[in-house]
Amino acid sequence: MTTPPAGAQTGPATRIAPGLAGAPEDVDLVVIGLGITGAGVALDAVTRGLSVLAVDAHDLAFGTSRWSSKMVHGGLRYLAQGQVGVARESAVERGILMEVTAPHLTRPMPMLVPLNSSVSRVQERLTHAGLLAGDGLRRSAGTDEETLPRPRRLTATEALAMAPPLRSAGLRGGLLSWDGRVEDDARLVSNVARTAASYGAHVRTRARVLTATGTAVELRDELTGETRSVTARAVVNAAGVWAGDLVEEVALRPSRGTHLVLRQDTLPGLSVSVFAPIPGSTSRFVLVLPQPDGTVYVGLTDEAADGPIPDVPQPTDPEIGFLLDVVSAAFERQLRRDDVVGAFAGLRPLLDTSGPDDARDPADPTGRGGTADLSRRHAVLPSRTGVVTVVGGKLTTYRQMAEDAVDAAVSAGGLDGEPCRTRTLPLLGAAPRPVLAALEQPARLVRRFGTDAELVLATAREVTGLADEELLAPIAAAVPVTLAELVFGVTHEGAADVDDLLDRRTRVGLVPADRPLAVPAAERALALARGQEGSAVRGR
Ligand SMILES: Cc1cc2nc3c(=O)[nH]c(=O)nc-3n(C[C@H](O)[C@H](O)[C@H](O)COP(=O)(O)OP(=O)(O)OC[C@H]3O[C@@H](n4cnc5c(N)ncnc54)[C@H](O)[C@@H]3O)c2cc1C
């Protein structure tokens, strides 16, 4: 079992739990929303010595944070737009995630741009120059070449060896570069939230904020319907695309991004991500992203999503058709609708810069910037009532977003916090890559929990009394999830029902046909964990 991090507390009170029973009624900081941003804010604040209550109306990673492309971006796109500061921030945060805070949940991701007839020689040179500039960003951010190797040009033979399903006719080579990827975006959120809880933050799901000011929130326990007030010195609104529901000055204009899910055998042998050029565009690509669980994601779109904000956004038929068409042009096989085993969409919380002056992005006070730029640039917006809203940004830059938001909250609330520590603070389970590689636990658990793989297994053994063979077997054909991790989801990660387990602690739900196969195991994990509530295996 791993040692708790220095400063971390252990014991039941530090764990993540559904509902508000026993939650404090007065804290230094209330955090609204437990996507990656809110979880990051909770961790940043609690490790500065502040008392924290962090809540989500639904569950950890219920919103946009589970619908991402799962990439840890180096900021190349912003460099191309001349936004050097934003690009550098992304590259620096990528390096921190991959080398310090979360090596266990991140991997280097090889990316291949196939050079086929839709890519002119001029485009090839421009793309290659861009990749080299991206490598310059990596170096300036201090990220090791061992972590992210340098880009290079491949011959057609080399490109086909890495991506055998590519269309070979007209293929003259490929451009290979490296970026980061996260094992699973929702797992990163759970890990950040659990780390915050391990330092003493009160992390509650099923707790909806009904109203907020800078010094109080009105909450509803979604399990019991009971409402209560909590007072605070500062309140951070990290409700993502819903942030404007709580603070009227925050006006958002969401944009939908859709991905398809394919089985890996639809594009057999694909060992790299492929950036398929969108015909007619010089700089836009459709991404084909192999996942560690036997699926491949294809994405993504960028469609204005006006009107009421749904809890779970849905992909549209035209988006699915567009993605299939672009990928079919780059690969030998013509993809059909029945190759699509799942599809998911997320909403980017873009600031509406045409709103009142005080709702504008401080980095763009004129409000004339394009929404595509704003989508990944974050903004920290104090409101008239004192609530500090943090929106925009991306998964990759959550730590910097959290640092900026807590700085603003400390100043707004006159709080006496220590300096930010998260730049050098490993998440639970993190360790240098050679240490992770030497671990003897099952590879899947190491990939998803790092050095805590042993804690996951020890917990499952103790709670269930079952043998490892049963705890570590895939819970169904084509579903590599194990009973051990489902049990841990309940005992240590606040999972309260089957949906939490299958849609957020694991991602079985991304393939609807697999989900019913996994439901019995999820129900069993809940029953086993609940039957052992007095167990000694607690804490962390
Ligand atoms: C399609 C797509 C792909 C992307 N791909 C990438 C990528 O590959 N890499 C990358 O770095 N970034 C990516 N991003 C960006 C990234 O996913 C988002 O910036 C990030 O997830 C936003 O997180 P958040 O915590 O701010 O919001 P959310 O994850 O939406 O969290 C907000 C939370 O607030 C809760 N909430 C709302 N209202 C209340 C309330 N009243 N009370 C309590 N809780 C409430 C919600 O339930 C939700 O859980 C992508 C975005 C999209 C849309």
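Remember, it's a predicted structure, so these values are computed and weren't measured experimentally. Only heavy atoms go into these numbers, but all of them, side chains included; no hydrogens, no water, no symmetry mates. Just so you know, ligand 1 is whichever comes first in the structure, and atom 1 is the first atom listed for that ligand.
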For ligand 1, which atoms sit closer than 4.0 Å to a heavy atom of Trp67?
-> 1 (C), 2 (C), 3 (C)
Atoms of ligand 1 less than 4.0 Å from Leu300 heavy atoms?
-> 1 (C), 2 (C), 3 (C)
Going by distance only, is there an N or O of Asp56 that falls short of 3.5 Å from an N or O of ligand 1?
-> yes
Short N-O contact, Asp28 and Arg48, less than 4.0 angstrom = no
Would you tell me which option among Ala402, Ala239, Gly63 has the nearest heavy-atom contact to atom 32 (C) of ligand 1?
-> Ala239
Looking at ligand 1, does any of its N/O atoms fall within less than 3.5 Å of an N/O of Ile36?
-> yes
Can you check salt bridge (charged side-chain N to carboxylate O under 4.0 Å, His left out) on Asp500 and Arg206, steps first, answer last?
-> CA-CA 11 Å; Asp500 290 357; Arg206 309 302 196 278; 3.0 Å; yes
Taking non-hydrogen atoms only, is Trp242 closer than 4.0 angstrom to ligand 1 via side chain, backbone, both or neither?
-> side chain
Under 3.5 Å, N or O to N or O, is Thr258 touching ligand 1 that way?
-> no
Val72 N/O to ligand 1 N/O under 3.5 Å | no
Shortest reach to atom 12 (N) of ligand 1 by a heavy atom, considering only Val30, Val55, Leu289, Leu395 | Leu395
Got a sec, which residues hit ring-ring contact (aromatic ring centres under 6.0 Å, His included) with His259, two or more places apart in sequence or on another chain?
-> Phe344
N/O to N/O below 3.5 Å, does that happen between Ser68 and ligand 1?
-> no
Should one rank Arg256, Arg66, Arg504, Met71 by closest heavy-atom distance to atom 9 (N) of ligand 1, which comes out on top?
-> Met71
Under a 4.0 Å N-O cut-off, is there an ion pair linking Asp245 with Arg208?
-> no
Report the C-alpha separation of Val298 and Leu287 in whole Å, then their side-chain angles, then the decisive distance to 0.1 Å, and conclude whether the side chain to side chain contact (heavy atoms under 4.5 Å, CB included) test is met.
-> CA-CA 6 Å; Val298 173; Leu287 321 183; over 6 Å; no
Only one of Asp59, Thr205, Asp499 forms a side chain to side chain donor-acceptor pair (under 3.5 Å) with Arg504, so which one is it?
-> Asp59
Working to the nearest 0.5 Å, report the span between CG of Leu289 and CG of Leu260.
-> 11.0 Å
Take Arg448 and Glu183 through the test salt bridge (charged side-chain N to carboxylate O under 4.0 Å, His left out) and record every step on the way to the result.
-> CA-CA 7 Å; Arg448 296 179 69 80; Glu183 160 74 20; 3.2 Å; yes
Closest approach of Pro310 and Trp242, non-hydrogen atoms and distance?
-> O-CZ2, 3.6 Å
I would like to know whether Asp503 and Arg66 meet side chain to side chain contact (heavy atoms under 4.5 Å, CB included); could you show each step before the answer?
-> CA-CA 9 Å; Asp503 297 328; Arg66 64 175 154 143; 3.9 Å; yes
Taking only heavy atoms of Gly393, which atoms of ligand 1 are found under 4.0 Å from at least one of them?
-> 19 (O)
Going by the order shown, which atoms of ligand 1 are within less than 4.0 Å of some heavy atom of His58?
-> 47 (O)
If you measure every N/O of Thr396 against every N/O of ligand 1, is any gap under 3.5 Å?
-> yes
All ring-ring contact (aromatic ring centres under 6.0 Å, His included) counterparts of Phe449, not counting sequence neighbours | Phe488
For the student: nearest non-hydrogen atoms of Ala243 and Thr389, plus distance | CB-CG2, 4.0 Å
Can you find an N or O of Leu347 that's nearer than 3.5 Å to an N or O of ligand 1?
-> no
Heavy atom under 4.0 Å from ligand 1: found in Lys70's side chain, backbone, both, or neither?
-> backbone
Heavy-atom contacts with Gly346 under 4.0 Å: which atoms of ligand 1 show up? List them by number with element.
-> 53 (C)
Inter-residue atom distance Tyr398.OH - Thr422.OG1, 0.5 Å rounding = 7.0 Å
Looking only at non-hydrogen atoms, which of Asp59, Val209, Leu60 approaches atom 42 (N) of ligand 1 most closely?
-> Val209
For Leu246, the ligand 1 atoms with a heavy-atom partner under 4.0 Å come out as 41 (N)
Is it true that Ala207 lies under 4.0 Å from ligand 1, counting heavy atoms only?
-> yes
Atoms of ligand 1 under 4.0 Å from any heavy atom of Thr37, numbered from 1 in the order shown, are 23 (O), 24 (P), 25 (O), 26 (O)
Could you list the atoms of ligand 1 found under 4.0 angstrom from a heavy atom of Ala238?
-> 32 (C), 34 (O)
